[in-house]
Amino acid sequence: MAARGRGSVNVAVILGVLLLCTLVAEAAVFNVGDRGGWSFNTNSWPTGKRFKAGDVLVFKYDATAHDVVAVSAAGYKACAKPAKGAKVYKSGADRITLARGTNYFICSIPGHCQFGMKILLHCR
């Protein structure tokens, strides 16, 4: 009897791994700003693109001059990062996995967001 139980567990594990591989394989990788990278006037970059939860954004930029901050709708509209708890990316080659719903990102260096260093993405 014990041998049958182990076989069922093995099949379940294999099916789970295959499902996970399928989900990971479907995720797309997008370079924000395409060849220009994360820079001024990037706010129109998402136009015409379709994003899904699990897709990955790659932000390439000069880390001495910019950053990437995940913000709320209010932070996006005001071009302001929250005083506490904001996820700030500073590597110059950040990889961010998108969540379902609307995702908002800004550069928090003064004036940069106002000059178009911000994007919002709707993910299904």
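Everything numeric in this text was worked out from a predicted model, so none of it was measured. Because only heavy atoms are used, hydrogens play no part in the values below, and waters and symmetry mates are left out as well, while side chains stay in.
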Undergrad: Verify, without hydrogens or angle tests, whether Lys52 (side chain) and Glu26 (backbone) share a donor-acceptor contact under 3.5 angstrom.
TA: yes
Undergrad: What I'd like to find out is whether the side chain of Val88 reaches to under 4.5 Å of the side chain of Val68, using heavy atoms alone.
TA: no
Undergrad: Donor-acceptor pair, distance only, cut-off 3.5 Å: does the side chain of Asp55 make one with the backbone of Ala27?
TA: no
Undergrad: Side chains of Val29 and Val58: closer than 4.5 Å at any heavy-atom pair?
TA: yes
Undergrad: Run the numbers on Phe51 and Phe30 for ring pair (Phe, Tyr, Trp, His ring centres under 6.0 Å), then give the verdict.
TA: CA-CA 9 Å; Phe51 302 97; Phe30 294 91; 4.7 Å; yes
Undergrad: For the cysteines Cys113 and Cys107, is the SG separation below 2.5 Å?
TA: no
Undergrad: Please check if the side chain of Ser72 supplies one atom and the backbone of Gly75 the other of a donor-acceptor pair under 3.5 Å.
TA: yes
Undergrad: For Ile96 and Val56: C-alpha separation, side-chain torsions, deciding distance, then whether side-chain contact (heavy atoms from CB on, under 4.5 Å) applies.
TA: CA-CA 5 Å; Ile96 302 172; Val56 176; over 6 Å; no
Undergrad: Can you name the nearest heavy-atom pair linking Ile106 to Cys79, along with the distance?
TA: CD1-C, 4.0 Å
Undergrad: Could you grab the distance from atom CZ of Arg95 to atom NZ of Lys60, nearest 0.5 Å is fine?
TA: 9.0 Å
Undergrad: Apply side-chain contact (heavy atoms from CB on, under 4.5 Å) to residues Leu98 and Leu121 and explain how you reach the verdict.
TA: CA-CA 9 Å; Leu98 295 172; Leu121 311 162; 3.7 Å; yes
Undergrad: Does the side chain of Ile119 reach to within under 4.5 Å of the side chain of Leu57, using non-hydrogen atoms?
TA: yes
Undergrad: Treating Ile, Leu, Val, Met, Phe, Trp and Tyr as nodes and any side-chain heavy-atom pair under 4.5 angstrom as an edge, say whether Tyr61 and Trp45 lie in one connected cluster.
TA: yes
Undergrad: Please report the closest heavy-atom contact between Thr42 and Val32, naming both atoms and the distance.
TA: CG2-CG1, 3.7 Å
Undergrad: Do the ring planes of Phe40 and His66 sit parallel (below 30°), tilted (30 to 60°) or perpendicular (above 60°)?
TA: perpendicular
Undergrad: Would you sort out whether Phe105 and Phe59 count as a ring pair (Phe, Tyr, Trp, His ring centres under 6.0 Å), showing the intermediate values?
TA: CA-CA 10 Å; Phe105 302 97; Phe59 289 83; 5.4 Å; yes
Undergrad: Give a yes or no on whether the backbone of Ala63 and the side-chain of Asp67 come within a donor-acceptor separation of less than 3.5 Å.
TA: no
Undergrad: If you look at every heavy atom in Ala80 and Val71, which pair is closest and at what distance?
TA: O-CG1, 4.0 Å
Undergrad: Could you go through Met117 and Phe115, starting from their C-alpha distance and side-chain angles, then the distance that decides it, and tell me whether this counts as side-chain contact (heavy atoms from CB on, under 4.5 Å)?
TA: CA-CA 6 Å; Met117 281 192 80; Phe115 283 103; over 6 Å; no
Undergrad: Quick one: does any side-chain atom of Ser39 pair with a main-chain N or O of Gly36 as donor and acceptor, under 3.5 Å?
TA: no
Undergrad: Hey, does Trp38 have a side-chain heavy atom less than 4.5 Å from the side chain of Asp94?
TA: no
Undergrad: Which atoms form the tightest heavy-atom contact between Pro46 and Leu120, and what is the distance?
TA: CG-O, 3.9 Å
Undergrad: Which class fits the ring pair Tyr104 and Tyr76: parallel under 30°, tilted 30 to 60°, perpendicular over 60°?
TA: tilted
Undergrad: If I compare all heavy atoms of Ala99 with all of Cys123, which pair ends up nearest, and what's the gap?
TA: O-CB, 3.3 Å
Undergrad: Checking Lys118 side chain against Gln114 main chain: does a donor-acceptor pair fall under 3.5 Å?
TA: no
